[in-house]
Each structure stands twice: as structure tokens, then as C-alpha cells.
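Single-structure report; data block below.
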Protein chains: 2
Amino acid sequence: MSSPEISTPSALESLRDFLADQKLALNARLPAERQLCSELGLSRGKLRKALALLEAEGQIWRHVGRGTFIGPRPVINLNDVEYLSEQSRPTEVMEARMAIEPQLAKLAAVHGTASNFAEMRRCQKRCHSAREWRVYEAWDNNFHQAIATATCNKLLISLFDTLNIVRRSTVWGQLRSTQLPPADHGSFAEHEAIYEAIVGRNPDLAADHMRSHLKSVRDRTFSAMEN
Amino acid sequence: MSSPEISTPSALESLRDFLADQKLALNARLPAERQLCSELGLSRGKLRKALALLEAEGQIWRHVGRGTFIGPRPVINLNDVEYLSEQSRPTEVMEARMAIEPQLAKLAAVHGTASNFAEMRRCQKRCHSAREWRVYEAWDNNFHQAIATATCNKLLISLFDTLNIVRRSTVWGQLRSTQLPPADHGSFAEHEAIYEAIVGRNPDLAADHMRSHLKSVRDRTFSAMEN
DNA sequence: GGTGTAACCAATGCAGTATTGGTTACAGCC
DNA sequence: GGCTGTAACCAATACTGCATTGGTTACACC
């Protein structure tokens with residue numbers, strides 16, 4: 001039986017020869033499968049087996065609708081926020097917040113500067129003076145952003161930004177309970193506690209307050225969803 | 001009456017009234033400028049001035065070809081991992097790991113499945129049998145990746161991936177102390193402790209072990225850098 | 001100088017079409 | 001039965017032409 005053991009390897013060989021001939025640069029796109037078939041005189045099945053081997057070796061990578069390319073598969077776009085938002089359920093987003101934001105508060109208490117603290121204070125005041133839910137929410141968001149900024153860690157800030165975008169674009173399955181100005185919103189006291197702990201350079205306390213703040217946010221959100 | 005001090009504010013007022021009437025949701029798109037002009041009976045110039053004020057307040061954001069939207073301008077996609085890597089110093093990367101990975105271990109102990117645990121075990125074995133530093137490092141990396149995967153939280157996994165890419169592309173300012181096979185590498189016991197805590201469904205213990213593991217990694221790394 | 005109007009610009013969205021890798025069904029052939 | 005080649009189909013993606021949108025400029029008119 002000379003056919004399978006030899007014919008498939010020969011397909012691989014002719015494909016390798018073709019690639020060597022063309023001297024294709026990194027990331028270059030090679031002809032579509034159907035075209036390569038006729039050029040190399042191979043059936044599509046054989047060609048695809050050869051291509052699969054090359055792909056397994058990391059020599060090429062393929063994608064439906066795009067083509068076959070030279071080189072290692074590029075890193076997937078991790079920050080494809082839309083995709084992430086579709087993939088993330090509200091409980092997951094909340095879980096991620098509770099995992100990360102307390103740590104940010106902790107580090108903010110360590111590395112935060114006076115101007116960081118001033119920005120946090122400014123956001124708090126705007127929260128108080130907000131008369132519409134939307135405005136309140138904007139400054140609440142800025143408050144949490146200010147805490148992330150206070151970590152003085154660009155990587156963590158970037159991770160928080162991604163988390164934040166996903167959170168804001170997540171469909172929470174509810175309308176805000178109207179245009180309610182959040183007059184006696186419980187978050188005021190919680191924000192204050194977080195702020196005090198951070199400014200007081202008390203990392204663990206800051207993390208604790210952030211954790212309980214997020215817990216109450218979670219409870220309010222999900223209980224509102226069930227109503 | 002028709003002086004600029006009055007006419008422009010009135011444009012702003014009628015625009016605010018319009019927004020209140022429509023009760024537009026967050027991220028909703030409001031009508032195109034030309035349409036709003038006729039609806040509100042304003043010239044485009046006046047309308048644009050009013051819109052510019054709202055935009056300055058952070059109430060709306062606009063983009064050519066897309067439209068005008070309610071809410072804060074979404075943050076640009078910072079998928080530029082290379083940029084992040086340049087901006088992040090080794091201490092920052094390490095700090096981010098110590099902030100996030102213990103939380104991942106904690107959640108892995110909560111949500112992890114049997115197949116997650118099997119994968120973690122597989123990575124551990126490969127770490128043991130590795131004879132080159134590079135291979136060891138690859139499976140060590142996979143071990144931490146498996147923990148992130150075990151959180152069953154796509155958002156957290158994605159954040160970890162970003163962190164991981166930055167970490168791996170960070171210049172640590174040192175060469176590995178040669179090709180040393182890490183025969184009695186201290187991380188073995190630490191990995192084992194983390195694994196046991198996760199499989200034993202002990203979230204806090206898992207976080208603790210991860211924290212001390214990262215501490216020892218940090219100490220080894222930075223002491224090596226000083227030598 | 002300020003205002004309103006219209007025209008233009010580049011960026012974007014959108015819908016329809018073509019292309020691409022991946023898969024399946026089937027006839028033909030040892 | 002097992003393998004092969006062919007064709008058809010599928011979902012994802014690129015491409016293309018057109019409509020729309022915010023931003024800008026020019027100009028006539030007070």
C-alpha cells in the first residue's frame with residue numbers, strides 16, 4: 001500500500017515547496033484552499049490535511065472567512081469588550097467586581113496621593129448634589145475610577161477600565177426604578193467609609209468597606225431585578 | 001429677549017426638556033442634529049452649542065458617523081497590550097498579580113469543576129517532569145491559567161489573560177540563572193498547597209496559599225535581579 | 001459681529017454580495 | 001468496510017456601494 005503513506009506526505013511536501021517558492025513574508029496570506037487545490041493539483045481533502053499539519057506545527061494559522069496566514073496565530077483580542085459583554089452574565093460581572101475592587105481600595109490606601117484623594121472627594125460631592133439618577137451614576141462611576149487611579153498601577157487601572165466598560169454595557173435586565181434622585185441613598189455612607197479608610201492609610205479596612213459596599217450594591221440590584 | 005445671553009440658554013433648556021420627555025435610557029441614541037433642529041425649532045448652530053454644553057457636562061457624547069448618545073463617553077479600547085507592557089514596571093506587574101490571583105484561587109475553590117482540577121493536576125505533573133527552565137515555566141503558566149479557568153467567570157478569565165500577557169512580555173531585567181532544571185524548586189510544594197485548598201473547597205485557604213506562593217516568587221525574582 | 005442656511009467632508013453604519021475555512025453527503029473504487 | 005474525490009452547503013468574514021452623522025466652512029443677511 002503505497003498510496004496513503006506516500007501520497008499525503010507528498011501533498012505536504014509540495015505544499016512546503018510552494019511556500020518556499022513564494023517566499024511569503026510573515027503574516028502574509030496565501031491563496032484560498034480551492035485555488036491552491038488546482039495550482040498544486042491536489043484534492044481539497046489532501047490539501048487540508050497538509051494544511052492542518054502545518055497549522056499544528058505553528059507554521060500557519062487559518063480562520064473562516066479570512067484565509068490562511070503565515071506565522072503563529074495572533075493573540076486573540078482580549079479586550080474585545082463587546083464580545084466580553086455578551087459573554088458575561090450580570091452575576092459574573094458582579095463577582096468580578098467583588099474580586100477586584102476591594103484589592104484596588106487596599107492598594108489605593110497604600111499608594112494614593114493627595115490629588116487622588118481630592119478627586120475622590122470631588123466625586124463624592126457630585127454624587128450628593130446629583131438630582132437625577134443618571135448624573136449620580138456617572139459620579140459614582142468616577143468615584144470608583146478614582147480609587148483605581150489611586151493605586152498608581154497602570155496595569156491594574158487598565159484591568160479596571162475593562163471591567164468597568166463591561167459592567168456599564170451589561171444589560172442588567174431592569175430599568176432604573178424611574179428618575180429617582182437618590183436622596184438618602186445608602187451608598188453615601190458606604191462611599192464615605194471607603195474614603196476615610198483610604199485617606200487614613202488603612203488598607204485592610206478600605207478593602208473591607210469596599211467589599212461590604214459592593215455587597216449592598218449587589219443586593220439592591222438583584223432584588224430590584226426580581227421585582 | 002433675543003440677546004445671546006437668553007437665546008442660547010433657552011436652546012439648552014428646550015433640549016433638556018426634550019431629553020426629560022423622551023426618558024431616554026443609558027446609551028440610547030438621540031435623533032440626528034438636523035432632525036432635532038426641526039423638532040425643536042432651533043437652528044443647527046444653536047442646537048450644537050447646547051449639545052456641546054451637555055457634552056462638556058458628561059451627559060452625552062458624540063461621534064462623527066455614529067450619532068449622539070446618552071451617558072459618558074465609552075473608554076477607548078486599550079487592547080494595546082504592547083503599550084501596557086511598556087508602561088508597566090516589574091513591581092507593578094507583580095503587585096497586580098498579588099492583587100488578583102489570590103482572588104482567582106478563592107473563586108476557583110468555589111466554582112471549580114472536576115475537569116478543572118484534573119487540568120491543574122496535569123500541569124503540576126508536567127512541571128515536575130520538566131527538564132528545562134522554559135518548559136517548566138510554560139507549565140507553571142498553564143497551572144495559573146487553569147486556576148483562572150476554574151473560576152468559570154469569563155470576564156475574570158479575560159482579565160487574567162491580559163495580566164498574563166503583560167507579565168510574560170515584561171522585561172524582568174535579568175536572565176534566568178541559566179538553563180537550570182528546577183529540580184527542587186520551592187514552588188512545587190506551594191503549588192501543591194494551592195491545589196489541595198482549591199480541591200478541598202477551602203476558598204480562603206486557597207487565597208492564602210496563592211498569596212504566599214506569589215510572595216516567594218516575588219522574593220526569588222527580585223533577589224535574583226539584585227545579584 | 002452675530003445668525004441662519006446650505007453645502008461639503010470624513011467617519012461611520014448598513015445591507016447586499018462575494019469569499020473563505022470547515023463540514024457533510026454521496027458516489028466510486030479498491 | 002475503508003478510503004478518496006467531488007460537490008454542495010454552512011457560518012464567519014471581507015468587500016462594496018450607499019445613506020447617515022457630527023464637524024466644518026462659505027456666504028448672504030441683518
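Residue numbering restarts at 1 for every chain, and letters A, B, ... go by the order of the sequence lines.
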Between D:dG22 (C1') and B:Ile60 (CD1): distance, integer Å | 11 Å

Would you say the side chains of A:Glu190 and A:Ser216 form a donor-acceptor pair under 3.5 Å?
-> yes

What's the closest nucleotide to the B:Arg48 side chain, out of C:dT3, D:dG23, D:dG5?
-> D:dG23

Is there a donor in the side chain of A:Asn142 and an acceptor in the side chain of A:Arg122, or the other way round, less than 3.5 Å apart?
-> no

Send over the distance from A:Glu55 CD to C:dG21 P, rounded to a whole Å.
-> 11 Å

Contact under 4.0 Å: A:Arg29 side-chain N or O vs C:dT20 OP1/OP2 | yes

Give the ring-plane orientation class for B:His191 versus B:His213, where under 30° counts as parallel, over 60° as perpendicular and anything between as tilted.
-> perpendicular

Could you work out which one of D:dA12, D:dG5, D:dT21 sits closest to the side chain of B:Arg34?
-> D:dT21

Distance below 4.0 Å between A:Lys49 side-chain N/O and D:dT4 OP1 or OP2 = yes

Where the side chain of B:Val64 is defined as all heavy atoms beyond and including C-beta, which of D:dT4, C:dG21, C:dA11 is the nearest nucleotide?
-> C:dA11

A:Thr151 and A:Ala108: which non-hydrogen atoms are nearest, and at how many Å?
-> CG2-N, 4.0 Å

Measure from the side chain of A:Ser43, starting at C-beta and using heavy atoms only, and say which of D:dG23, D:dG5, C:dG13 lies closest.
-> D:dG5

B:Ser158 versus B:Asp161, side-chain donor and acceptor atoms under 3.5 Å | no

Which letter, B, S or -, goes with each nucleotide of nucleotides 25-30 of chain C from 5' to 3', with contact meaning a protein heavy atom under 4.0 Å?
-> ------

Rounded to whole angstrom units, what separation is found between the CG atom of A:Leu36 and the C1' atom of D:dG5?
-> 17 Å

Interatomic distance where CG belongs to A:Leu51 and P belongs to C:dT23 [whole Å] = 13 Å

Between A:Arg44 and B:Gly45, which has a closest nucleotide on DNA chain C that is more 5'?
-> B:Gly45

Candidate nucleotides C:dG21, C:dT3, C:dA11, ranked by approach to the side chain of B:His63 - the nearest | C:dA11

